[in-house]
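Below is one structure; the comments refer to it alone.
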Amino acid sequence: MKLAGIELRRVRMPLVAPFRTSFGTQTDRDVLLLRAVTDEAEGWGECVAMDDPLYSSEYVEAVADVLRRFLVPALAAHAPADATAVAPALHPFKGHRMAKAALETAILDAELRAAGRPLSRELGAVHDRVPCGVSVGIMDSRAKLLDTVDGYLSEGYVRIKLKIEPGWDLAPVRAVRERFGDDVLLQVDANTAYTRADADLLAALDPFDLLLIEQPLDEEDIVGHADLSARVRTPICLDESITSARAAADAIRLGACRIVNIKPGRVGGYLEARRIHDLCAAHGVPVWCGGMLETGLGRAANVALAALPGFTLPGDTSASSRYFRTDLTEPFVLDEGHLAVPTGPGIGVDPLPEVLAEITTSIEWLPL
Ligand SMILES: CSCC[C@@H](NC(=O)CCC(=O)O)C(=O)O
Ligand SMILES: [Mg+2]
């Protein structure tokens with residue numbers, strides 16, 4: 001397979017409602033899509049970086065820059081024969097895992113489409129549909145929160161994840177438990193909003209029988225999470241801290257987490273995501289697929305990954321309608337709390353041309 005070039009395409013999609021986390025509020029997505037053009041097929045990679053470096057150090061403008069100046073020229077020099085050669089070619093450049101993930105995914109998608117192989121099969125999927133959780137933002141009131149959760153449970157979501165931050169934690173969790181009972185699968189995500197001094201506060205969540213507490217402390221505070229894991233009964237799950245299979249191995253070895261949220265965009269791509277899955281399975285650590293408000297392109301690939309055997313907890317693989325009135329692809333629709341794994345070659349979905357044209361804000365061609 002010969003790579004002709006990479007198209008950088010920016011698209012802007014409004015969210016159906018503001019999505020508030022401990023690091024800010026989002027009202028739309030400015031998404032960078034990569035289209036890999038080869039002599040045999042084309043492939044898509046969706047970059048998960050946000051507008052600003054608040055979830056991680058990466059952000060969309062920086063991703064475009066590092067692709068333009070370093071990563072795509074490196075591919076020109078190495079002429080990778082297939083997707084497995086992309087990460088080694090990009091290894092000299094430190095970090096920028098979201099940029100690398102999008103590039104590797106676009107090339108992997110092109111390769112698999114040319115070969116007629118679905119991504120799910122390539123990764124080792126064992127299910128043809130996956131159970132879906134939903135992420136619920138911080139709200140202005142508990143009443144609004146309970147109405148929102150009620151709506152999602154009515155839609156069939158099998159797990160509720162509440163965003164929390166200091167001042168919005170015990171009360172909303174208690175309100176959800178009191179309204180919907182103890183059987184609802186419930187977890188929380190702090191996005192690093194707490195400190196080691198909050199151990200007792202986080203331990204006060206134990207009586208609510210949560211599935212997990214996601215990333216309570218700073219992404220670099222592995223020791224702090226290990227100490228917290230010894231103080232809090234609820235399993236600690238890491239997200240921002242797990243940037244690679246090595247980081248996952250170290251966190252597990254140090255007792256910093258008992259569950260891992262795998263996001264392919266955060267760790268450099270689907271091949272590294274599979275390595276993390278395999279490593280966690282070897283240690284008996286459950287994993288689930290996190291989300292970055294992906295369009296249907298990234299959502300399709302995430303659903304394929306979530307079908308691997310070690311993904312034993314519902315992921316943030318929600319229906320398209322959780323975030324978008326109109327998705328870039330045919331919408332992902334919840335069916336009895338599950339999404340079907342795409343069966344077509346590669347990621348198995350394509351952008352709808354008229355939607356793509358309407359939401360595109362810029363196009364840049366990077367020849368190899
Ligand atoms: C803008 S928040 C993105 C990161 C966040 N993602 C979610 O909460 C799920 C988003 C989704 O459903 O795609 C996380 O830290 O897990
Ligand atoms: Mg998270």
Side-chain angles (χ1 to χ4, degrees), residues 13-31 46-60 97-98 101 130-139 145 148-149 152 155 157-165 168 186-194 210-219 225 235-243 251 257 259-267 273 287-303 305-306 313-324 327-328 331-332 334 339:
M13 297 171 71
L15 299 184
V16 293
F19 184 47
R20 184 177 154 198
T21 70
S22 63
F23 59 77
T25 300
Q26 275 202 270
T27 56
D28 59 16
R29 282 285 281 125
D30 169 11
V31 185
E46 176 170 346
C47 184
V48 301
M50 301 281 175
D51 276 339
D52 37 37
L54 294 174
Y55 166 80
S56 82
S57 60
E58 296 189 72
Y59 57 101
V60 179
R97 289 179 173 85
M98 293 178 178
V130 297
C132 300
V134 65
S135 184
V136 182
I138 294 167
M139 302 265 168
L145 174 72
T148 303
V149 171
Y152 289 143
E155 286 186 52
Y157 285 105
V158 302
R159 181 269 283 145
I160 297 291
K161 159 168 146 176
L162 302 179
K163 290 293 186 179
I164 62 170
E165 65 181 10
W168 180 267
L186 184 62
Q187 64 193 56
V188 294
D189 185 0
N191 288 110
T192 75
Y194 294 85
L210 301 177
L211 284 173
L212 55 93
I213 300 173
E214 186 179 347
Q215 198 70 46
L217 307 180
D218 184 279
E219 69 275 14
H225 281 105
I236 300 298
C237 170
L238 291 179
D239 172 352
E240 289 90 332
S241 295
I242 308 300
T243 52
C257 64
I259 299 172
V260 171
N261 163 339
I262 296 181
K263 292 178 181 173
R266 181 190 74 222
V267 302
V287 301
W288 53 282
C289 187
M292 293 295 285
L293 288 75
E294 286 92 346
T295 75
L297 294 174
R299 198 161 299 275
N302 284 352
V303 170
L305 179 72
L313 291 168
D316 287 341
T317 48
S318 308
S320 295
S321 60
R322 164 64 184 85
Y323 294 106
F324 308 114
D327 202 344
L328 175 53
F332 280 85
L334 216 54
L339 287 183

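None of the values given here were measured: they were computed from a predicted structure. In each ligand, atom 1 is the first atom listed, and ligand 1 is the first ligand listed.
- Ser241 and Gln215 are linked by a side-chain donor-acceptor pair at a separation below 3.5 angstrom, with hydrogens and angles left out of the test.
- Using a 4.0 Å cut-off to heavy atoms of Glu214, the atoms of ligand 1 that qualify are 16 (O).
- With a 4.5 Å cut-off on side-chain heavy atoms, Gln26 and Leu15 count as touching.
- When the N, O or S atoms of Glu214 are ranked by distance to the Mg ion (ligand 2), OE2 comes first.
- Residue contacts with ligand 1 for Val134 are absent, since no atom lies close enough (heavy atoms, distance under 4.0 Å).
- Counting heavy atoms from C-beta on, the side chains of Trp288 and Pro314 never come closer than 4.5 Å.
- The protein heavy-atom contact nearest to atom 9 (C) of ligand 1 is Asp316 OD2, 3.3 Å.
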Would you check, one step at a time, whether the test side-chain hydrogen bond (donor to acceptor under 3.5 Å, both in side chains) holds for Glu240 with Thr192? CA-CA 8 Å; Glu240 289 90 332; Thr192 75; 5.4 Å; no

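- Nearest-heavy-atom check against atom 1 (C) of ligand 1 across Lys263, Gln26, Arg299 picks out Gln26.
- Residue, atom and distance of the protein heavy atom nearest to atom 13 (O) of ligand 1 are Leu293 N, 2.8 Å.
- For ligand 1, the polar-atom distance check against Asn191 finds a nitrogen or oxygen pair separated by under 3.5 Å.
- Geometrically, Arg20 does not engage Trp168 in a cation-pi contact, judged by NZ or CZ lying under 6.0 Å from the ring centre and within 45° of the ring axis.
- Summary of contacts: the protein heavy atom closest to atom 6 (N) of ligand 1 is Gly291 O, 2.9 Å.
- Residue contacts with ligand 1 do not include Gln215, since none of its heavy atoms lies under 4.0 Å from the ligand.
- Counting only N and O atoms by type, the side chains of Tyr55 and Asp239 include a donor and acceptor under 3.5 Å apart.
- For Asp239, the N/O/S atom at the shortest distance from the Mg ion (ligand 2) is named OD2.
- Within Asp189, the N/O/S atom positioned nearest the Mg ion (ligand 2) carries the name OD2.
- What sits closest to atom 12 (O) of ligand 1 on the protein, heavy atoms only, is Tyr323 OH, 2.7 Å.
- Nearest protein heavy-atom contact of atom 16 (O) of ligand 1 is Lys161 NZ, 2.9 Å.
- Residues Arg322 and Tyr152 bring a donor and an acceptor atom of their side chains to less than 3.5 Å of each other.
- Close N/O approach between Ser135 and ligand 1 is found [any backbone or side-chain N/O within under 3.5 Å].
- The closest side-chain heavy-atom distance from Leu212 to Ile236 is not below 4.5 Å.
- A heavy-atom separation below 4.0 Å is found between Lys163 and ligand 1.
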